[in-house]
Structure formats: structure tokens, C-alpha cells
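Note sheet for the following structure.
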Amino acid sequence: MTLGEIAQLVNGRLRGPADVLISGPVSSGSKNEGGIAFAETAEYLAKAEDSGAAALLLPLDIESASKPFIQVENPRAAFMVLLKHAERPLPLAPGIHPTAVVHPSAEVHPSARVGPYAVIEVGARIGEDCRIYPFAYIGEDCELADDCVVFPHAVLYQNVSLGRGTIIHAGAVLGADGFGYVWDGEKRIKVPQIGSVVLGENCEVGALTAIDRGTVDATEIGDGTKLDNLVQVAHNVRIGKHGAVAAQVGLAGSATLGDRVMMAGQSGVGDHVTIVSDVAVAARGAAIQDITEPGEYIGTPARPSAEGKRSMLLFFKLPELFARLRKLERRLGE
């Protein structure tokens, strides 16, 4: 696109030649000489001006001395518009590919796209404008509402329900058996898992993430919740609306998370633990007891942020404190 076209797209004020051709959005430190970057502050403007970017998106009160620029009210939001415009979905031809295996009892909307070697099982229902990519598996009685996307090699076992606009990335597994066993005194006996998995609208499940089916009820993910890659959601877990769960998080069986809960990387929640809405657990934090008040939590076990930080600082002072204690003990002994 030209700078003039971009200025129209983001409703911005152009300062520079309108016919400059832009290859696409780039980072502020990029060496790409044909891209456009954004800067929100004078500090980032200096970095962007030293980069190879051909043009910049800037706030209304900042100007560039070295590059053409477009002034907008919110450069970050304008950059998101450009990213969306530049997004390239994986190719998928209309209709059902001849190599796909679709059971006669399955209902696939005529507008849906089903890629090569995808499998859609007995009683499955695929809504309007859904995209099922190659080698995806949609199991018995699964239901996909309109505009869902299931990427290659994702697996939906049985009775998995996806709300409108939900995205399942490659290699994710929804509806596998929960980790349920009982000890009979000699060996572990497997507990049958006969529940389901239910995701709300506009959820996103990252690559290689696993969401286990409930034992008898549903494992539930609320509207708008986003799960990163490599997340483990155990059986009977319930996550509220608009949560964010980063990579390598583990949620143990029957854990309950309220709305807008954020779990940072490698954090975890113990079995049957309940976390209220509007809680953030820091990286590697472990919620092994109920969290009953909104706020930020840190450490193992997860404590309110201020308390957790004090504990961490004391931890690093333990060698010094131990040496002082030994010295005091020797003096007392003398």
C-alpha cells in the first residue's frame, strides 16, 4: 500500500509524500527498509528513526525529523489495524475436499471449508463459515458454532462444543480423558471419563494445548478466554470469561477460575482450588489454596504481591542472615 492509502485506512494525518510504497508493518527496530513502524513516545521515536523503517505512525504531539509519518490519536491501535489488514490466513479451498472423511450423519454447513484428510465423525455439527484444516479430527457429536477455526492436526474427541468464533490451533487436543485413577490397594484403577468440553464464544486455544473432558460434567472455558501454547487444563476445570492463560500453565482437576483471571507462564493452580475474578498470578506462581480477593499474587504458595515480594527478598538474604545467626550463636556460646 502507499502511505496515502495507509493514512486513509487508519484515519490519520499524513506528513510526507503520499505515493511512498510500504511493504507492511514492522517493529520499531526493524532493518526492513520498506516497512512502517509505530512509536508512542519520544524515546521510541529515536529508536524508530534509527531503524530501516520507511515511515512511522506517531501520536498527534510528536513529529519525525527524518522519515515520512502519519499522525494518529492512538499509534498502537492504528498499528493493530495495519496488522489485521496484512494478516494472511492459511489457504483453504471452499467446500469439502475429496479426501476428507465426513460421516453421512454429520451436518456441515454449505459455507464451511473442510481441508484434505480431515475427519468429521458421527453426529458432528459444523456451523456456517467454519474452517477445518487438513488432518484435523472432529469427533462424535462435537458441535462447532459459526466462524470457528480448527487448524491442522487438532483433535476434538467426543462431545466438544465450540462457541462462535473460537479458534483451535494446530496439535491441540480437546476432550481427552482426565487423569483419574483410584488405588485399590494393589494397583491404580482407571476412572471412566464420560463428560464433555464446552468452550464459549471467541475463545482461542494455542498449539499443543490439552483440555481434558470432565468426569461426568463439562470442563468449561468462558467467552473470550485465551489459552496459550502448551497449557494443561485438567478435567472438571472451570474458567470464567475473558481470562488469559500463558504458556506452560497447569490447571489441576476441578480448579475454578473466575472472570478475567490471568495466569503468567509456568504458573499453576492446585486441584479443587478456587480463584475469584480479577486475579493475576505471576510467572511460576502456585495457587495451592483458594484466592478470595482480587489482585496480583506471586510466589509459591501464591501470596498478595507486596507480601510475596518481601518473602522473595528475604529468601535472597538467607545466606547473609544464616552467617549472622552462626556468629551470634558462637558469641552466645562463649
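The analysis underlying the following values was restricted to heavy atoms, covering all of them including side chains, and did not include hydrogens, waters or symmetry mates.
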Between [atom1] on residue [X] and [atom2] on residue [Y], distance to nearest 0.5 Å:
X    : Y    : atom1 : atom2 : answer
L328 : L321 : CG    : CG    : 10.5 Å
C148 : I167 : SG    : CD1   : 9.0 Å
I70  : I22  : CD1   : CD1   : 7.5 Å

Are the side chain of [X] and the backbone of [Y] linked by a donor-acceptor contact shorter than 3.5 Å?
X    : Y    : value
R131 : D129 : no
S51  : S28  : yes
N229 : G206 : no
T99  : Y117 : yes
E49  : S64  : no
T209 : L230 : yes
D290 : T274 : yes
T225 : G243 : yes
S23  : G34  : yes
D146 : E128 : yes

Cluster question for you: counting only ILVMFWY and a side-chain heavy-atom cut-off of under 4.5 Å, with indirect links fine, are [X] and [Y] together?
X    : Y    : answer
V150 : V173 : no
V191 : F179 : no
V101 : L144 : no
L58  : L14  : no
F79  : L56  : no

Is it the case that atom [atom1] in [X] sees more than 12 heavy atoms from other parts of the structure closer than 6.0 Å?
X    : atom1 : result
M80  : CE    : yes
R260 : CZ    : yes
K309 : NZ    : no
Q8   : CD    : no
K317 : NZ    : no
E296 : CD    : no
M262 : CE    : no
E5   : CD    : yes

I'd like to check [X] versus [Y] (side-chain heavy atoms, cut-off strictly below 4.5 Å). Are they in contact?
X    : Y    : value
I221 : V205 : no
L82  : L57  : yes
Q232 : D212 : yes
P134 : L92  : yes
Q71  : L60  : yes
V149 : Y133 : yes
V249 : L227 : no
L199 : I168 : yes

Applying side chain to side chain contact (heavy atoms under 4.5 Å, CB included) to E121 and Y137, what does each step give before you reach the verdict? CA-CA 8 Å; E121 286 284 15; Y137 179 85; 3.0 Å; yes
Applying side chain to side chain contact (heavy atoms under 4.5 Å, CB included) between V160 and each of V198, L174, T219, report the one that passes.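 Answer to the side chain to side chain contact (heavy atoms under 4.5 Å, CB included) test with V160 among V198, L174, T219: L174.
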Pick from L251, D271, I211: which one makes a side chain to side chain contact (heavy atoms under 4.5 Å, CB included) with V237?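 So the option named by the test is L251.
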Looking just at side-chain N and O atoms, do Q248 and D228 make a donor-acceptor pair shorter than 3.5 Å?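 No - no donor-acceptor pair under 3.5 Å links their side chains.
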Passes side chain to side chain contact (heavy atoms under 4.5 Å, CB included), L257 versus M263? Steps please. CA-CA 10 Å; L257 280 59; M263 303 292 301; 4.1 Å; yes
Can you name the closest pair of heavy atoms from I126 and A112 and give their distance?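 Looking at all heavy atoms of both residues, the closest pair is CG2-CB, 4.1 Å.
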Nearest heavy-atom pair of A106 and V102: which atoms, and what distance?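 Between these two residues, the closest heavy atoms are CB-CG1, 4.0 Å.
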E140 vs H103, side chain to side chain contact (heavy atoms under 4.5 Å, CB included): CA-CA, chis, key distance, verdict: CA-CA 10 Å; E140 179 184 14; H103 193 275; over 6 Å; no
Salt bridge between [X] and [Y], side-chain N to carboxylate O under 4.0 Å?
X    : Y    : value
R164 : E201 : no
E87  : K84  : yes
R125 : E107 : no

Would you sort out whether L156 and L162 count as a side chain to side chain contact (heavy atoms under 4.5 Å, CB included), showing the intermediate values? CA-CA 10 Å; L156 280 58; L162 306 183; 4.0 Å; yes
